[in-house]
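Quick note on labels: first sequence line is chain A, next is B, and so on, each numbered from 1.
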Number of protein chains: 2
Amino acid sequence: MKKIQIKKEVSKNFKKHNHKLCYETSMKAFHKNCLEKNLKLTPLRLKVFELLLKDHRPIGAYQILDMLSKEGFSSTPPIAYRVLDFLIEQGFAHKIERFNAFIACSHPGSKHSPTFMICRKCDKVAEMCEKDSRLKLDKKSLSEFQIEESIIEIIGICKSCNQLETIKC
Amino acid sequence: MKKIQIKKEVSKNFKKHNHKLCYETSMKAFHKNCLEKNLKLTPLRLKVFELLLKDHRPIGAYQILDMLSKEGFSSTPPIAYRVLDFLIEQGFAHKIERFNAFIACSHPGSKHSPTFMICRKCDKVAEMCEKDSRLKLDKKSLSEFQIEESIIEIIGICKSCNQLETIKC
DNA sequence: AAGTCAATGTTATATTATAACATTAATTTA
DNA sequence: TAAATTAATGTTATAATATAACATTGACTT
């Protein structure tokens with residue numbers, strides 16, 4: 001039987017969507033990853049990942065520390081940064097350089113260089129999958145530079161915010 | 001008479017080149033810009049721009065402050081950040097988010113969203129002009145997100161460093 | 001039970017950045 | 001030209017982000 005391919009919309013993060021599904025899919029992948037690689041899925045790691053998954057907005061390390069402290073976890077800076085490093089290494093989180101903030105990965109499970117669309121009104125972020133975002137460089141440059149990693153962050157206004165603005169007028 | 005178009009090489013910043021020409025061209029453009037817009041070309045602004053133009057490496061704000069202090073300028077943080085803001089606004093400098101550092105613009109004179117190639121060996125940076133770097137997003141995303149600004153930073157190894165590495169072996 | 005190692009805890013400090021207000025110097029205007 | 005205005009610079013204080021270094025805990029190994 002042919003598997004039906006459901007085209008996931010890149011910009012869904014900006015709209016109402018089945019977020020419970022987002023959450024559960026990512027959390028399941030995280031469990032699976034840790035199990036397979038024999039990495040420890042500790043309460044701290046789970047909690048931080050859970051916080052990142054809450055909505056599609058980046059969170060600063062110190063915000064995370066606040067939330068951890070409210071939940072009874074230790075909350076000195078290295079606590080947050082270490083777990084964030086772990087999540088990033090494992091491909092389950094990214095840093096948004098523009099905001100010094102962190103976000104759950106939308107296509108978790110392997111290291112990759114993401115492209116982010118960042119709405120400056122609602123602060124939500126959508127991570128595009130590689131096939132929807134391609135950086136075309138000219139031949140000469142490509143031949144002279146060996147790319148290892150790319151940071152692509154697009155800042156603008158998402159459709160939802162744009163529509164709200166239109167309605168307001 | 002037809003003007004001869006000299007194709008400027010994007011990756012020249014990584015190699016030996018006529019840097020005096022780089023420097024002078026940029027400095028001249030800076031003078032012209034300030035004159036035309038009636039902005040004050042103060043010793044402080046000149047000095048900071050000069051520092052950024054020294055080579056094609058990004059410099060941190062506190063490095064700039066050190067150098068300013070050595071040259072007898074006042075050197076508390078706002079001094080650097082204010083001038084950097086000015087240079088960025090005027091399109092003569094950019095921030096490299098990845099390194100919280102600043103670099104002289106290679107195509108100065110107007111605000112634009114640059115693409116940087118950053119060599120992680122020699123720390124040099126080349127800024128690509130827009131025609132040599134294009135971000136292709138899928139139609140759907142484009143229609144749903146109004147882009148205002150983009151941050152594109154490519155990290156890797158430049159040809160010069162790559163060759164050095166090869167020779168070493 | 002002792003040894004090992006990964007994870008977490010802790011203390012201290014480094015690095016990057018901004019807010020708020022004071023002073024100076026250039027320019028405009030009375 | 002003197003007063004008024006404004007832009008630029010100077011200053012003090014502090015906020016926000018991040019890491020180094022070492023201690024403790026707890027799980028797993030042997």
Side-chain angles (χ1 to χ4, degrees), chain A residues 30 33-52 57-90 92-103 123 151 153, chain B residues 30 33-52 57-90 92-103 123 151 153:
Chain A
F30 186 45
N33 176 80
C34 292
L35 193 71
E36 278 172 359
K37 298 195 196 159
N38 202 26
L39 299 165
K40 269 157 213 164
L41 219 170
T42 63
L44 180 62
R45 287 173 173 176
L46 269 173
K47 174 52 69 181
V48 172
F49 190 47
E50 200 184 303
L51 293 173
L52 291 178
R57 292 188 174 86
I59 322 181
Y62 283 75
Q63 278 179 278
I64 288 173
L65 286 169
D66 273 356
M67 296 189 272
L68 286 177
S69 105
K70 276 172 195 154
E71 310 237 12
F73 288 86
S74 172
S75 59
T76 53
I79 295 292
Y81 285 104
R82 275 192 297 231
V83 175
L84 287 168
D85 283 351
F86 172 82
L87 292 174
I88 289 169
E89 238 159 56
Q90 292 302 313
F92 285 85
H94 297 290
K95 181 174 185 186
I96 307 283
E97 297 289 343
R98 178 57 181 265
F99 297 133
N100 299 315
F102 303 84
I103 193 158
D123 298 324
I151 291 165
E153 299 174 0
Chain B
F30 186 44
N33 176 79
C34 291
L35 193 70
E36 277 172 0
K37 297 196 195 157
N38 202 27
L39 299 164
K40 269 156 215 166
L41 219 170
T42 63
L44 180 63
R45 287 172 175 176
L46 270 171
K47 176 51 72 182
V48 173
F49 190 46
E50 201 185 302
L51 293 173
L52 292 178
R57 293 188 173 86
I59 322 181
Y62 282 75
Q63 277 179 279
I64 289 172
L65 286 170
D66 273 356
M67 296 190 271
L68 286 178
S69 103
K70 275 172 197 155
E71 310 238 11
F73 288 86
S74 171
S75 59
T76 52
I79 294 290
Y81 285 105
R82 277 192 298 231
V83 175
L84 287 167
D85 283 351
F86 171 82
L87 292 173
I88 290 168
E89 238 159 56
Q90 293 302 314
F92 285 85
H94 297 290
K95 181 176 184 184
I96 307 285
E97 297 289 343
R98 177 57 180 268
F99 297 135
N100 299 315
F102 303 86
I103 193 160
D123 298 326
I151 291 165
E153 298 174 1

(request) Using a heavy-atom cut-off of under 4.0 Å over every strand shown, decide if A:Arg82 touches base, sugar-phosphate, or nothing. (result) base
(request) Could you say whether B:Asn100 or B:Phe73 is positioned toward the 5' end of DNA chain D, judged by the nucleotide with the nearest heavy atom to each? (result) B:Phe73
(message) D:dA18, OP1 or OP2 - any side-chain N/O from A:Lys95 closer than 4.0 Å?
(response) yes
(request) Please tell me which of the listed nucleotides, C:dT18, D:dA18, C:dG9, lies nearest to the side chain of B:Pro77? (result) C:dT18
(request) Grab the CG-P distance between B:Leu68 and D:dT11 for me, whole Å please. (result) 13 Å
(message) I want to confirm an ordering. Mapping A:Tyr62 and A:Val83 to their closest nucleotides on DNA chain C, which one lands closer to the 5' end?
(response) A:Val83
(message) Can you measure A:Ile96 atom CD1 to D:dT17 atom C1' for me and round it to whole angstrom units?
(response) 16 Å
(message) Just the rounded figure in Å: distance from P of C:dA19 to CG of B:Asp85.
(response) 10 Å
(message) How many whole angstroms separate atom CD1 of A:Ile59 from atom P of D:dA18?
(response) 14 Å
(request) Write down the distance between CZ (A:Phe102) and P (D:dT17), rounded to a whole number of angstrom. (result) 10 Å
(message) Taking the minimum atom-to-atom distance to the side chain of A:Thr42, which one of D:dT11, D:dA8, C:dT8 wins?
(response) C:dT8
(request) Consider the side chain of B:Lys40, meaning its heavy atoms from C-beta on, and name the nucleotide among C:dT27, C:dA17, D:dT9 that approaches it most closely. (result) C:dT27
(message) Check the phosphate of C:dT11 against A:Thr76, side-chain N and O only, distance under 4.0 Å to OP1 or OP2. Yes or no?
(response) no
(request) Please report the shortest heavy-atom distance between B:Ile79 and B:Ser74, naming the atom on each side. (result) CG2-O, 3.6 Å
(request) For A:Leu39 and C:dT8, give me the distance from atom CG to atom P, rounded to whole Å. (result) 11 Å
(request) Please state how far atom CD1 in A:Ile88 lies from atom P in D:dA18, giving the value in whole angstrom units. (result) 10 Å
(request) Decide yes or no for B:Leu52 and B:Phe102: does some side-chain heavy atom of the first lie under 4.5 Å from some side-chain heavy atom of the second? (result) yes
(message) Could you check whether any side-chain N or O of A:Gln63 sits under 3.5 Å from a backbone N or O of A:Gly60, counting only pairs where one atom can act as donor and the other as acceptor?
(response) yes
(message) From the set D:dA18, D:dT12, D:dA20, return the single nucleotide nearest to any side-chain atom of A:Pro78.
(response) D:dA20
(message) From C-beta outward on A:Tyr81, which listed nucleotide comes closest to its side chain: D:dT17, D:dA8, C:dT10?
(response) D:dT17
(request) State, to 0.1 Å, how close B:Leu87 and B:Val48 come at their nearest heavy-atom pair, and which atoms those are. (result) CD1-CG1, 3.8 Å
(message) For A:Glu153 versus A:Lys95, what's the shortest heavy-atom pair and its separation?
(response) OE2-O, 4.0 Å
(message) Distance check needed: D:dA18 P versus A:Leu65 CG, whole Å only.
(response) 11 Å
